[in-house]
Every structure is written in structure tokens, then in C-alpha cells.
Amino acid sequence: MVHVQKFSTLRITIISALFLTILISKLNLNSFCIILLALCWLYERNFREKISTLYASKIFWFFLAFFAVQVYGFFLGENSSRAWKGLESKAGLIVLPILFLSGSFPSAKERKIIMTIYSILMTLFLLFMLAIAGYKFLMERDPGIFFYHELLLPVHQNAIYISGFTYISFCFILFEGKNLWPSQQFIRWRSAWLMLLFCFLLLLSSKLIISITFVTLIIAFYRIAAEKKRSPLILTVSLIIFSLTFISSIILTPPINKRFKEIIQTDYKKITQEKFDPNTYFSGLEFRLLLWRFGFDIAEHENTLLFGVGPSNSQPLLQKKYLEMNMYSGEKGTDNVGYLSFNYHNQYLQTLVDSGLVGLAVLLLLCASMVKMAFSSGTVVLKCISLLIIIMFLTESMLERQYGIILTLVPYLIYYPSSKYKTSKYAYTTSIPQTP
């Protein structure tokens with residue numbers, strides 16, 4: 001039993017390190033954590049049982065099919081070295097599902113510990129970023145330092161991805177935090193913790209994640225009201241007060257307000273222009289709509305709508321499009337390449353250009369399978385994670401970078417085993433109870 005607990009502690013440590021190395025942008029160490037997790041998987045043995053489990057897992061076949069489409073697409077191009085490098089970056093798409101779907105980890109007990117550590121790490125990381133921003137503010141007196149990408153500039157992180165990680169932590173504390181420690185004192189600390197994470201979500205200023213958080217809080221509000229059997233009148237009044245408070249927090253915070261205003265002020269005529277001035281400014285929505293146009297133009301021009309141009313070719317073709325449209329391409333002799341470093345900012349569009357309608361169909365089936373499983377599990381946090389993934393796919397090419405692969409797969413797969421029974425001698429428990 002002591003051996004089993006030590007092995008479980010090792011797995012918890014590795015998965016926690018997996019999250020930590022993503023936050024501090026150490027992707028080599030992050031890959032090393034995945035290798036250590038694979039070694040744990042190999043140490044468990046029971047390979048016949050593992051293969052049988054994977055064979056019976058419908059969602060695994062969708063992961064395998066999507067990875068196979070990527071493999072095929074990478075070798076459509078002539079540059080084999082770029083293809084192998086691309087495959088290396090996408091390896092997590094198949095390695096992580098194999099490790100989590102067929103291994104004995106994490107059990108319900110391990111999952112609770114991992115998610116608690118993850119939430120603590122997330123909070124400490126954001127507090128550290130806030131402290132650095134506070135110091136810079138004393139020097140520069142610029143309040144913009146506290147918001148969006150500027151807040152994470154010291155570690156070169158993307159505010160949208162970190163918003164996604166923070167949202168998952170927020171959901172865990174919101175829906176499962178009351179079961180962490182039973183003491184009355186922790187209940188008050190939990191409320192403060194939730195408020196702190198909510199404030200960080202506002203500071204990170206992702207319009208999409210803020211909107212999802214608003215919907216999540218309404219769902220939580222109704223669940224609490226139903227449990228306590230509140231009257232419809234009290235529920236309605238409370239909901240109106242909550243909504244007004246939430247919206248006021250956005251309106252009264254200029255940097256956040258400005259980002260939401262950009263949606264209303266979108267210039268749709270700009271999307272149809274034939275040429276641009278290099279100094280032309282695009283809002284987030286304008287730029288993403290423009291990318292939809294570019295994506296379909298590339299697919300039509302290359303006559304590859306069915307099978308795509310291949311993941312190795314899609315970015316060079318997009319860069320060519322940027323140059324043709326005279327968009328800002330950076331400064332010669334510097335690391336600044338302007339728009340040339342931007343991908344399609346939409347996983348569905350990215351997959352359509354990379355792998356055509358075939359790849360997009362596989363991705364949609366995978367997303368549908370993930371959502372179906374989440375909603376049949378009865379686990380609220382898993383439902384939130386699955387919806388976060390399919391919605392973030394609309395604004396980010398999540399599976400094109402390791403940050404996104406970890407955000408898409410690891411939290412979801414940590415919860416996925418909650419619907420299965422574990423029989424491995426290295427598991428903490430032989431059964432996995434459903435989370436209410």
C-alpha cells in the first residue's frame with residue numbers, strides 16, 4: 001500500500017509540474033514531464049488491458065483519426081524536415097490521450113489533489129504577475145500594465161490562453177471547492193479565492209472568457225438557488241442585481257470596456273478591401289473575420305478544399321497572403337515580423353485549410369464526442385471544460401502550439417476517467433465515484 005501511495009504521489013507531482021512548466025513558459029521541461037508520465041504508464045505494465053481499454057474507447061478513435069489526418073497532411077509538402085518537426089509539436093495530440101485514457105491515473109482522489117494544486121499554482125502565478133505589474137506601475141504610472149497581454153509580458157505568455165487556464169481553476173473552486181475542506185473557515189476563504197480568480201479573469205481581459213464566466217456564474221447561481229429552494233421573485237431580483245454588478249464592472253473599467261466596444265465598432269467594410277496600408281489597425285474581430293476570408297481564398301486558390309494544403313504549407317501560404325495585402329510585416333533586421341507570425345486564430349478554420357473538409361469533419365466529430373461524454377458524466381466542471389474548448393476553438397488555433405494542446409487535453413482527460421472503473425494495482429482506489 002505504501003508503494004502504491006508513493007507511486008501515486010509521483011504521478012501527482014509530474015502532472016502538477018506539467019501545469020507549472022506551461023505557466024512559466026518552459027516548454028522543454030513541459031515535454032520532459034510528458035516523458036516522465038509516459039514512463040509511469042510503462043511502469044504500470046498491464047499492456048493487454050491498456051490496449052483493450054483504448055480499443056473500447058470511442059473518443060480515443062477520434063483522437064487517433066485526427067492525429068492520422070495531421071500525419072497525412074504533414075507529408076503533403078516537399079520539406080520533410082519541417083514535416084517531422086511539425087509532427088513532433090503535435091505528438092501530444094495522441095500521446096496524452098493514450099496515457100490518460102488507458103492508464104490508471106488519475107483516480108478520484110488523485111484528481112482532487114491535482115486540481116487543488118493546479119488552482120493554487122494558478123493563483124500564485126497570477127499574484128506574482130500582479131506584483132510585477134504593481135512594481136512597474138510605480139515606475140511608469142501606466143494602468144494598462146495591469147491588463148491583457150501587458151500583465152503577462154514578463155513571462156511572454158498569451159493572456160487568452162492563461163484566461164482559459166484560470167477559468168478552469170475558477171470552475172473547480174466554484175463547483176467542487178466546497179468539498180475540499182469541510183471547515184466553516186475555509187468556506188469564507190473559498191469565497192475570497194473565487195473573487196480573486198474572478199478579478200484576474202477581468203484583468204486578463206479576454207472578451208470570450210469573460211462572457212463564458214458570466215454564463216457559468218448564472219448557472220451556478222441557479223444551482224444554488226434550486227438547492228436552497230429560493231422563491232422565483234427572490235431569484236429574479238438577485239439575478240438582475242448580479243447581472244448589473246457584472247456589467248458595471250466591465251463598463252467602469254476602461255481597458256476592459258475598450259475591448260468590448262471594439263466589437264460594436266467593427267468596420268465590416270475593412271474586411272472586403274483589396275489592399276491595406278501597413279499601418280492599418282484591426283480589432284480582434286476584424287482581424288479574425290479577415291482570416292476567414294484569407295482561409296477560404298487559400299483553399300479555393302490551391303484547389304485543396306477536400307484534403308487541405310497540409311499543416312506544413314498553410315502558414316507560408318497565409319504569410320504570402322499577408323504580404324500580398326500589404327499588411328504590416330515588421331522591421332527588417334529585427335525579430336519583429338508583424339502579422340507574419342500570426343496563424344489563423346481559429347482551430348476550425350486552421351483545420352479546414354490544413355486538412356480540408358475531411359480533417360474538419362474529424363475535428364467536429366471529436367468535439368461532439370467530448371461534449372457528449374462530458375454531459376453524460378454528470379460532472380459540472382467537465383461540462384465547463386468541454387464547452388470552453390469548443391468555444392475557444394472559434395478564436396484560437398489551440399492545437400497549433402503546446403500551450404493550447406495542454407489546455408485542450410490535460411484538464412479534460414484528468415476528469416474523463418471519472419466515468420470509469422480502475423483496477424490497476426497502482427490506482428489509489430478501485431472505483432471512481434461521480435462528482436455531484
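This chain uses plain numbering: 1 for the first residue, then up along the sequence. Only a predicted model underlies this, so the values are computations on that prediction, with no experimental measurement involved.
A distance of 12.0 Å separates CG of L317 from CG of D297, quoted to the nearest 0.5 Å. Here the CG-CG distance, from L152 to L204, works out to 5.5 Å after rounding to the nearest 0.5 Å. Between the OG1 atom of T408 and the CD1 atom of I390 there is a distance of 12.0 Å, given to the nearest 0.5 Å. Rounding to the nearest 0.5 angstrom, the gap separating the CD1 atom in I168 from the CD1 atom in I173 is 12.5 Å. Taking CD1 of I212 as the reference point, atom CZ of F170 lies at 12.5 Å (rounded to 0.5 Å). To the nearest 0.5 Å, atoms CG (L364) and OG (S369) are separated by 12.5 Å.
Side chains of N336 and Y328: a donor on one and an acceptor on the other come within 3.5 Å. Counted by atom type alone, S102 and W41 present one or more donor-acceptor pairs between their side chains at under 3.5 Å. Using a 3.5 Å distance cut-off with no hydrogens or angles, the side chains of Q402 and N30 do pair a donor with an acceptor. Side-chain polar atoms of S283 and E262 form no donor-acceptor pair below 3.5 angstrom. Side-chain atoms of S119 and S169 form a donor-acceptor pair, as typed in the model, at a separation below 3.5 Å.
Closest approach of F63 and L93 over heavy atoms only: CD2-O, 3.9 Å. For the pair L409 and G92, the tightest heavy-atom approach, listed with the atom from each and the gap, is CD1-O, 3.6 Å. Among all heavy-atom pairs drawn from P143 and F137, the shortest one is N-CE1, 3.8 Å. When every heavy atom of L201 is checked against every heavy atom of I210, the shortest pair comes out as O-CG1, 3.8 Å. Residue S355 comes nearest to Q70 through the heavy atom pair OG-NE2, 3.7 Å, listed as atom of the first residue, atom of the second, then distance. In this structure, L23 and F125 approach most closely via the heavy-atom pair O-CE1, 3.4 Å.
Annotation: side chain of L130 is in contact with side chain of F146 (closest heavy-atom distance under 4.5 Å). Within the 4.5 Å cutoff, side-chain heavy atoms of L387 are placed close to those of F375. Using a 4.5 Å cut-off on side-chain heavy atoms (C-beta onward), L126 and T166 make contact. No side-chain heavy atom of L203 sits under 4.5 Å from any side-chain heavy atom of I256. F221 is not listed as a side-chain neighbour of L217, based on a closest heavy-atom distance of 4.5 Å or more. By the 4.5 Å heavy-atom criterion applied to side chains, W292 and I271 are not counted as neighbours. Counting heavy atoms from C-beta outward, L413 and L96 have side chains that approach closer than 4.5 Å. Annotation: side chain of I389 is not in contact with side chain of L407 (no heavy-atom distance under 4.5 Å).
Surrounding NZ of K269 are at most 12 heavy atoms belonging to other residues, nucleotides or ligands under 6.0 Å away. More than 12 heavy atoms of other shown residues, nucleotides or ligands fall within 6.0 angstrom of atom CG in D277. Atom CD of E300 has 12 or fewer neighbouring heavy atoms from other residues, nucleotides or ligands inside a 6.0 Å radius. Around the CZ atom of F287, the shell of radius 6.0 Å holds more than 12 heavy atoms that belong to other residues, nucleotides or ligands. The environment of M195 atom CE is sparse: at most 12 non-hydrogen atoms of other residues, nucleotides or ligands sit within 6.0 angstrom.
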**Asked** Could you go step by step and tell me if Q319 and Y339 meet the side-chain contact (heavy atoms from CB on, under 4.5 Å) rule?
**Response** CA-CA 8 Å; Q319 290 173 339; Y339 286 107; over 6 Å; no
### Pair I219-V215, side-chain contact (heavy atoms from CB on, under 4.5 Å): steps then yes or no
CA-CA 6 Å; I219 294 171; V215 175; 4.1 Å; yes
- Any chance you could lay out the side-chain contact (heavy atoms from CB on, under 4.5 Å) test for L290 and R293, step after step, and finish with the verdict? CA-CA 5 Å; L290 189 63; R293 173 190 161 188; 4.0 Å; yes
### Task
Please assess F282 against F276 for the test ring pair (Phe, Tyr, Trp, His ring centres under 6.0 Å), listing each intermediate value before the final yes or no.
CA-CA 11 Å; F282 298 96; F276 298 102; 5.1 Å; yes
*Would you please test D142 and E150 for side-chain contact (heavy atoms from CB on, under 4.5 Å) and show each step?*
CA-CA 11 Å; D142 177 13; E150 289 293 325; over 6 Å; no
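A donor-acceptor pair is defined here as one N or O able to donate and one able to accept, closer than 3.5 Å; no such pair exists between the side chain of S386 and the backbone of A374. S377 places a side-chain N or O within donor-acceptor distance of the main-chain N or O of T379, the cut-off being under 3.5 Å.
By the 30° and 60° cut-offs, the orientation of the rings of Y72 relative to F307 is perpendicular. Below 30°, between 30° and 60°, or above 60°: for H345 and F342 the angle between ring planes is below 30°, a parallel geometry. A perpendicular orientation is assigned to the rings of W61 and Y55, their planes being inclined by more than 60° (bins at 30° and 60°). Using cut-offs of 30° and 60° for the angle between ring planes, the F19 and Y118 rings count as tilted.
Using a 4.0 Å cut-off between charged nitrogen and carboxylate oxygen, K90 and E400 count as a salt-bridge pair. Ionic pairing of E396 and R288 is present here: one or more N-O contacts between side-chain nitrogen and carboxylate oxygen are shorter than 4.0 angstrom.
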